[in-house]
Amino acid sequence: MDRDMAGWLRRLASRLAPRGGAGAVGFTPRRAPVFTADFTSPAQWVAGRSWAYPDGGPVNPGDNKLDHLVPDPSYSREGVFRATLRTDGNWDSGLLTTEGSDEDFMVRTGDVLEARVRLPGELGAWPAIWTWRDGGQEIDVFEYHPDNPDLLELSNHVREAHRYHRDPSVRPGAWVDLKVEFGRNSVVWWVNGARVFGDGKGVGRAWRAYLIVNLSVSAGRYHPAPDAGVTAMSYEVSQLRVYRR
């Protein structure tokens, strides 16, 4: 090999070499999450009340919900969010929020949330992961209604942008991987690893909000109420993490 060719190869190898020291493989290692959900932890999560509901709950009929929030840990603390029919026609329902907890965790502009959920199958079930603070600041990581079995609702209520995302991998009982980047100029959603929506609106520079994970029950105005004879429903969140740049 002549000297010029050897020099060219050395320069090429230098340009292609991994950065970041020993063990680098050409990309920046992912940072550890700033928040990993432990639903059993009262320091992270408050159960059975939220200021997203009038007077903190337990009911919210104005939003066409049959929920009656309960602090009972069996309705949320194991990562399985449950609802059961009450004698008054409402449903005891599980909800967890970081608002009011000892850690008081909030997501903020630039954060990335990842979650893995198993969707419910019963009509009337209304699972969601969302954000809230001071009467607004709502981003819906997802909402789901089994009467639209292949559809996820993805919404930015801070600057009003929405997407009804249809996907054959979305169906009652399915496991779904969700990822949302709360960008300053665009909130971006991924479903099962595929980028499905960038709203081009974002949340602004100083946005921050608490997390809410819950199972609501539809009262019938926008989506069917539960079928007669159905007395219980649930969905599961096996993982929820937040990463910060």
Tyr75 and Ser234: side chain donor to acceptor below 3.5 Å: no
Linking I/L/V/M/F/W/Y whenever any side-chain heavy atoms sit under 4.5 Å apart, do [X] and [Y] land together?
| X | Y | answer |
| --- | --- | --- |
| Leu178 | Val34 | yes |
| Leu66 | Leu95 | no |
| Val242 | Trp132 | no |
| Val46 | Val107 | no |
| Val170 | Val237 | yes |

By side-chain hydrogen bond (donor to acceptor under 3.5 Å, both in side chains), which residues pair with [X], not counting sequence neighbours?
| X | answer |
| --- | --- |
| Thr40 | Asp38 |
| Ser155 | His162 |
| Thr36 | none |
| Arg82 | Ser74 |

Pair Val180-Val187, side chain to side chain contact (heavy atoms under 4.5 Å, CB included): steps then yes or no: CA-CA 7 Å; Val180 176; Val187 180; 3.6 Å; yes
Hey, does [Y] have a side-chain heavy atom less than 4.5 Å from the side chain of [X]?
| X | Y | result |
| --- | --- | --- |
| Pro120 | Trp126 | no |
| Glu181 | Arg245 | yes |
| Trp130 | Val213 | no |
| Val188 | Val196 | no |
| Phe142 | Leu119 | yes |
| Glu114 | Tyr243 | yes |
| Glu153 | Arg163 | no |
| Asp167 | Val176 | no |

Would you mind listing every salt bridge (Lys or Arg N to Asp or Glu O under 4.0 Å) that reaches into [range], with sequence neighbours excluded?
| range | answer |
| --- | --- |
| residues 193-202 | none |
| residues 232-241 | Arg118-Glu236 |
| residues 128-144 | none |
| residues 90-105 | Arg86-Asp92 |

Might you point out which heavy atoms bring [X] and [Y] nearest each other, and give the distance in Å?
| X | Y | result |
| --- | --- | --- |
| Ala83 | Val217 | CB-CG2, 3.8 Å |
| Gly121 | Pro146 | O-CB, 3.8 Å |
| Leu215 | Ala125 | CD1-CB, 4.2 Å |
| Ile129 | Ala115 | CD1-CB, 3.8 Å |

Do any side-chain atoms of residues 52-63 form donor-acceptor pairs under 3.5 angstrom with protein atoms, and if so which ones, sequence neighbours left out?
from: Tyr53; atom 1: OH; to: Asp67; atom 2: OD2; distance (Å): 2.6
from: Tyr53; atom 1: OH; to: Ser216; atom 2: OG; distance (Å): 3.4

Atom [atom1] of [X] and atom [atom2] of [Y]: how far apart are they, to the nearest 0.5 Å?
| X | Y | atom1 | atom2 | answer |
| --- | --- | --- | --- | --- |
| Leu152 | Tyr164 | CG | OH | 12.0 Å |
| Ile139 | Phe182 | CD1 | CZ | 7.0 Å |
| Met233 | Leu85 | CE | CG | 9.0 Å |
| Thr97 | Ile212 | OG1 | CD1 | 4.5 Å |
| Thr131 | Asn156 | OG1 | CG | 8.5 Å |
| Leu69 | Ser76 | CG | OG | 10.0 Å |

side-chain hydrogen bond (donor to acceptor under 3.5 Å, both in side chains) partners of residues 183-192, not counting sequence neighbours, each pair once: Ser169-Asn192
Expected output: side-chain [X] to main-chain [Y] donor-acceptor under 3.5 Å:
| X | Y | value |
| --- | --- | --- |
| Tyr144 | Pro149 | yes |
| Thr109 | Trp207 | yes |
| Asn148 | Leu151 | no |

Leu113 vs Val141, side chain to side chain contact (heavy atoms under 4.5 Å, CB included): CA-CA, chis, key distance, verdict: CA-CA 8 Å; Leu113 181 150; Val141 173; 4.1 Å; yes
Check against side chain to side chain contact (heavy atoms under 4.5 Å, CB included), Arg116 and Ser238: CA-CA 6 Å; Arg116 180 168 174 79; Ser238 66; 3.5 Å; yes
Please output the side-chain donor-acceptor pairs of residues 218-232 that fall under 3.5 Å, not counting sequence neighbours, one pair per line with the distance.
from: His223; atom 1: ND1; to: Asp147; atom 2: OD1; distance (Å): 3.2
from: His223; atom 1: ND1; to: Asp147; atom 2: OD2; distance (Å): 3.0

Criterion side chain to side chain contact (heavy atoms under 4.5 Å, CB included) on Val112 and Lys179, from CA distance to verdict: CA-CA 7 Å; Val112 175; Lys179 175 180 172 181; 3.7 Å; yes
Neighbour count >12 (heavy atoms, 6.0 Å) for atom CZ, Arg159: yes
Whether over 12 other heavy atoms sit under 6.0 Å from Arg244 CZ: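 Yes.
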Pairs touching residues 93-125 that satisfy ring-ring contact (aromatic ring centres under 6.0 Å, His included), sequence neighbours left out: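 Qualifying pairs: Phe35-Phe105.
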Ring centres under 6.0 angstrom apart (Phe39, Trp45):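 Yes: the rings meet the under 6.0 Å criterion.
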Aromatic ring proximity, centroids under 6.0 angstrom, His68 and Trp91: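 No, ring centres 6.0 Å or more apart.
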